[in-house]
Amino acid sequence: MPQESAFEPLEDVVFIATSDLAARTKGRALPARRFDETTSVGWVPANIGIGPLGHIVDGIPFGASGDLRLRPDPASRVRIPRIGERPAFDLVFGDLVEVDGEPWHSCPRTFLRETVRELREEFGIEARSTFEHEFVDLSAGPDHHPFSLEAFRRAEPLGSTLLALLERMGLEPENWLPEYAKHQYEITLEPTDPLTSADRAILLRDLVRDLFEAHGRRATFAPITEEGGGGSGVHVHFGLYDESGRTLLFDPDRPGRLSELGGRFAAGVIRHAPGLTALFAPLLTSYQRLRPHNWSTARAFLGVQNREALLRICPTNELDGRDPSRQLHFEFRGSDAGANPWLLLGALLRAGMAGLRESLDPAEVVEGDLDLEGRHAGLAPLPERLEDALDAMLADETVTGWFSPELVETFAAIKRDELRLLRSRSLAEQIEVYSRVL
Ligand code: GLU
Ligand code: MG
């Protein structure tokens with residue numbers, strides 16, 4: 001018989017969190033009574049060099065020495081209710097700073113914060129965004145029928161518990177559904193400001209895994225969970241508005257009803273897509289998902305209502321006279337859960353800003369399906385393997401220029417370590433490894 005503890009677990013605990021290049025949430029906790037607006041906790045620069053496989057890799061520019069502070073952003077504090085036997089606690093995201101309070105050059109959250117500031121200050125643009133997540137229930141039995149009520153019910157009571165949890169925490173769940181691929185589910189949240197949306201994406205993955213574990217089941221956000229099976233994506237939805245909330249994307253007279261500014265923003269994302277691929281598809285198995293006829297994408301193009309577009313102009317709901325203008329937005333479909341949400345969203349917004357700065361021509365809006373033999377033969381393919389994506393990233397000085405040299409070097413070292421350890425393994429083994437860590 002397990003011994004009953006003489007004490008109730010302390011629920012007044014605050015966990016101060018960051019998320020690393022492998023999109024793992026990390027941090028330190030303290031009793032809430034010790035937490036106030038001046039609180040920060042120590043952090044180690046070399047921690048950013050821990051890859052998905054769970055060790056600090058060789059070849060990073062950080063060693064055994066050096067110290068940082070993880071400084072909480074009080075606006076991000078949330079209460080996580082009791083989940084199964086695991087007590088309630090508060091979680092607050094922090095920014096990594098030097099010990100004198102200066103921003104740390106390689107903090108992923110600061111990267112997004114700075115990007116949002118540039119977008120506002122240089123272009124007068126406010127973005128609103130949300131992340132759409134797919135994941136797979138690894139503990140489900142053999143039967144599956146896509147989108148079925150049966151699959152929906154088999155996730156119970158976890159599905160409705162997840163919705164209750166997200167509602168209670170103020171994370172604004174939108175849709176919860178059984179998806180197409182085997183034992184796959186999807187959860188979407190309402191759009192919000194970029195930093196909050198990325199914080200929520202980070203939290204959501206941990207909450208889902210926590211909930212499944214508490215019920216003796218396992219969920220994974222890995223990009224694929226079986227050879228030849230459908231993939232799990234993380235689609236990033238974002239719209240652009242002026243400071244009074246008016247859309248900057250909608251123009252009913254242009255192709256796809258996308259404004260010229262929207263077209264130029266999209267052109268930046270399309271142009272830099274090959275250089276961005278290692279960031280949005282950072283795992284060896286990401287490339288099993290990024291294939292034609294997988295409802296993900298293998299080409300860099302802007303499409304209307306085409307689920308193989310890298311960047312899609314999303315449909316609007318105009319029932320009962322609803323106004324499409326504010327609804328019209330982009331969905332970036334290339335990414336998976338290997339990507340850190342702060343870096344991913346920051347990089348997409350920076351790619352769009354590059355399109356505006358370079359005054360690129362608006363991206364071609366592809367309507368309907370692709371004609372790869374004819375009209376669309378010239379659309380840039382995306383790298384097909386992680387090693388090629390890493391080379392493409394390192395060759396795109398615009399992309400690498402957004403980050404500190406230390407961050408780029410660390411990212412490259414992590415990917416090389418992963419390639420060294422996993423490349424020669426069978427696909428089944430790669431799937432197994434990533435399904436365990438994601
Ligand atoms: N599962 C597809 C992906 O890998 C997306 C399916 C959809 O939601 O359109 O991204
Ligand atoms: Mg989906």
Side-chain angles (χ1 to χ4, degrees), residues 23 129-138 140 144-148 151-152 155 159 162-163 173-191 197 201 204-205 208 219-238 269 273 276-277 279-317 329-339 341 344-345 348 366 368-370 382-384 386 389 427 430-431 434-435 438:
S129 48
T130 182
F131 292 68
E132 171 186 329
H133 282 89
E134 293 171 332
F135 66 88
V136 166
D137 177 1
L138 288 175
H144 173 74
H145 194 87
F147 311 122
S148 63
F152 174 80
L162 176 63
L163 287 176
E174 197 186 51
N175 271 320
W176 159 245
L177 54 129
E179 247 286 5
Y180 180 77
K182 200 162 171 196
H183 308 317
Q184 188 183 46
Y185 294 91
E186 176 174 309
I187 179 84
T188 62
L189 308 177
E190 297 280 351
S197 73
L204 178 88
R205 301 169 192 183
V208 168
T220 183
F221 290 81
I224 58 159
T225 48
E226 66 180 13
E227 293 183 45
S232 289
V234 175
H235 303 175
V236 187
H237 292 255
F238 61 99
V269 175
L276 284 167
T277 305
L279 286 171
F280 66 71
L283 312 172
L284 279 88
T285 56
S286 300
Y287 298 84
Q288 299 296 320
R289 178 182 155 257
L290 287 184
R291 286 193 312 203
H293 315 303
N294 226 3
W295 284 21
S296 70
T297 185
R299 298 267 175 162
F301 73 98
L302 171 68
V304 186
Q305 299 178 12
N306 181 329
R307 290 185 182 76
E308 295 206 327
L310 180 65
L311 196 63
R312 181 168 83 122
I313 303 171
C314 280
T316 51
N317 172 0
H329 70 273
F330 293 122
E331 177 189 29
F332 182 82
R333 296 178 58 87
S335 29
D336 65 52
L344 171 60
L345 181 54
L348 293 177
V366 175
D369 287 338
L370 284 186
L382 293 173
E384 289 178 19
L386 179 59
L427 179 56
Q430 293 174 0
I431 290 173
Y434 286 128
S435 298
L438 284 160

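Note that ligands are numbered from 1 as they come in the structure, with each ligand's atoms numbered from 1 the same way. Quick caveat, the model's predicted, so the values are computed rather than measured.
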Please identify which atoms of ligand 1 are closer than 4.0 Å to at least one heavy atom of [X].
X: E179; value: 6 (C), 7 (C), 8 (O)
X: E186; value: 8 (O)
X: R307; value: 9 (O)

So which of I431, T225, L438, L386 actually passes side chain to side chain contact (heavy atoms under 4.5 Å, CB included) with T285? I431
Determine whether more than 12 heavy atoms belonging to other residues, nucleotides or ligands lie under 6.0 Å from atom CD of E174. yes
What protein heavy atom lies closest to [atom]? Include the residue and the distance to one decimal.
atom: atom 4 (O) of ligand 1; result: R289 NE, 2.7 Å
atom: atom 9 (O) of ligand 1; result: R333 NH2, 2.8 Å
atom: atom 2 (C) of ligand 1; result: E134 OE1, 3.4 Å

If you apply the rule side-chain contact (heavy atoms from CB on, under 4.5 Å), what do you find for E308 with L370, and how did you get there? CA-CA 9 Å; E308 295 206 327; L370 284 186; 5.6 Å; no
Just say parallel, tilted or perpendicular for the rings of Y180 and F147, cut-offs at 30° and 60°. tilted
Pair Y185, V208 - check side-chain contact (heavy atoms from CB on, under 4.5 Å), show working. CA-CA 11 Å; Y185 294 91; V208 168; over 6 Å; no
Might you work through the side-chain contact (heavy atoms from CB on, under 4.5 Å) test for L310 and F332, ending with a clear yes or no? CA-CA 6 Å; L310 180 65; F332 182 82; 3.5 Å; yes
Name of whichever N/O/S atom of [X] is nearest to the Mg ion (ligand 2):
X: E179; answer: OE2
X: E134; answer: OE2
X: E186; answer: OE1

What's the verdict on side-chain contact (heavy atoms from CB on, under 4.5 Å) for N306 and D369, showing C-alpha distance, side-chain angles and the deciding distance? CA-CA 7 Å; N306 181 329; D369 287 338; 4.1 Å; yes
